[in-house]
Amino acid sequence: MTTIYYDYLTHGDQNLVVAATDHGVCFVGSPNQPLSELTTFMPGYDLRQDPSKLAPAIAQITAYLTHKRTTWDLPLDFLGGTPFQQQVWSALQAIPYGQTVTYHQLATQIGRPTAIRAVASAVGRNPLLIIVPCHRVLRKDGSLGGFRGGLAFKKQLLALEH
């Protein structure tokens with residue numbers, strides 16, 4: 001059984017669960033959500049709290065949240081996800097810091113211009129908030145759309161990057 005190590009990142013009044021396997025970061029949670037958010041995304045894994053395993057990821061996320069970092073240097077481990085979801089998550093990683101795209105643009109980028117709803121669904125299942133920047137995807141009319149971390153957090157991340 002794969003072990004998932006987790007710890008908590010505290011930034012201001014927000015607490016985020018951050019988790020990793022021996023191969024890389026696999027999950028960043030929504031602000032102030034319980035550990036059960038992780039187990040909902042990744043059921044059936046052996047969970048162990050281990051601050052030392054998560055220290056590099058927490059340091060980089062904290063640096064991002066405090067305007068000291070705009071890129072990531074972390075190994076990632078996408079546990080699960082369909083091939084389509086993984087294709088979308090890969091495309092999300094190509095969106096530059098401070099820029100946004102629409103769900104339609106993202107669908108077109110992966111060669112599936114009519115799969116806008118499926119792309120939006122895959123974006124919503126992204127297990128790595130912040131690191132895989134799903135907050136940079138907007139509706140065609142420029143409105144925020146949905147966000148697992150909540151619209152207030154999405155606004156916060158977009159404002160941070162501008």
Side-chain angles (χ1 to χ4, degrees), residues 2 4 6 8-9 11 13-21 23-45 47 54 57-58 60-61 64-65 69-162:
T2 300
I4 294 179
Y6 72 92
Y8 298 93
L9 178 156
H11 177 72
D13 63 350
Q14 297 172 328
N15 292 303
L16 307 167
V17 173
V18 182
T21 66
H23 303 290
V25 181
C26 63
F27 182 81
V28 177
S30 303
N32 303 321
Q33 292 301 304
L35 187 60
S36 61
E37 183 186 26
L38 169 61
T39 59
T40 297
F41 262 75
M42 297 173 189
Y45 289 92
L47 295 181
L54 277 298
I58 288 175
Q60 286 194 30
I61 296 167
Y64 166 86
L65 292 170
R69 180 174 206 100
T70 61
T71 60
W72 306 103
D73 182 21
L74 294 167
L76 304 180
D77 189 358
F78 289 102
L79 297 174
T82 67
F84 178 78
Q85 287 172 328
Q86 294 212 9
Q87 182 183 23
V88 171
W89 300 338
S90 179
L92 289 171
Q93 293 175 73
I95 304 169
Y97 181 91
Q99 295 183 26
T100 59
V101 300
T102 65
Y103 292 100
H104 182 263
Q105 289 170 319
L106 192 60
T108 300
Q109 179 184 340
I110 65 166
R112 305 280 300 272
T114 61
I116 298 165
R117 286 186 183 176
V119 164
S121 178
V123 168
R125 290 290 303 159
N126 169 24
L128 287 158
L129 290 185
I130 305 171
I131 296 172
V132 175
C134 52
H135 60 278
R136 297 178 188 155
V137 184
L138 306 174
R139 288 185 175 157
K140 194 172 188 174
D141 66 2
S143 64
L144 293 180
F147 188 61
R148 174 170 60 92
L151 293 183
F153 191 49
K154 185 171 185 170
K155 285 181 191 176
Q156 176 187 343
L157 295 174
L158 291 171
L160 174 82
E161 293 187 6
H162 286 93

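No hydrogens, no waters, no symmetry mates; every other heavy atom, side chains included, goes into these values.
Between Phe78 and Leu128 there is a side-chain heavy-atom pair separated by less than 4.5 Å. Using a 4.5 Å cut-off on side-chain heavy atoms (C-beta onward), Val101 and Leu92 make no contact. Phe41 has its side chain within reach of Arg148: a pair of non-hydrogen atoms, C-beta onward, lies under 4.5 Å apart. A heavy-atom distance below 4.5 Å is found between the side chains of Val123 and Leu106. For the pair Cys134/Leu129, a side-chain contact is recorded, criterion being any heavy-atom separation below 4.5 Å from C-beta on. With contacts defined as side-chain heavy-atom distances shorter than 4.5 Å, the pair Ile58/Tyr8 does not qualify. Within the 4.5 Å cutoff, side-chain heavy atoms of Tyr45 are placed close to those of Leu79.
Without hydrogens or angle criteria, Ser121 side chain to Arg117 main chain gives no donor-acceptor distance under 3.5 Å. Listed for the Asn126 side chain is a donor-acceptor partner under 3.5 Å among the backbone atoms of Val132.
To the nearest 0.5 Å, atom CD of residue Gln86 and atom CZ of residue Arg125 are 12.5 Å apart. Interatomic distance, CG of Asp77 versus OG1 of Thr21, reported as 3.5 Å (0.5 Å rounding). To the nearest 0.5 Å, atoms CG (Asp73) and CD (Gln60) are separated by 5.5 Å. To the nearest 0.5 Å, atoms NE2 (His104) and CZ (Arg112) are separated by 13.0 Å. Rounding to the nearest 0.5 Å gives a distance of 7.0 Å between CG of Leu157 and CD of Glu161.
For His23, the NE2 atom sits in a loose shell: 12 or fewer heavy atoms of surrounding residues, nucleotides or ligands are nearer than 6.0 Å.
Both tests do not hold together for Arg69 against Tyr97: distance to the six-membered ring centre under 6.0 Å, angle to the ring axis within 45°.
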Does the side chain to side chain donor-acceptor pair (under 3.5 Å) test come out yes or no for Gln156 and Gln14, once each step is laid out? CA-CA 12 Å; Gln156 176 187 343; Gln14 297 172 328; 2.8 Å; yes
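Aromatic ring orientation, Trp72 versus Tyr64: tilted (interplanar angle from 30° to 60°).
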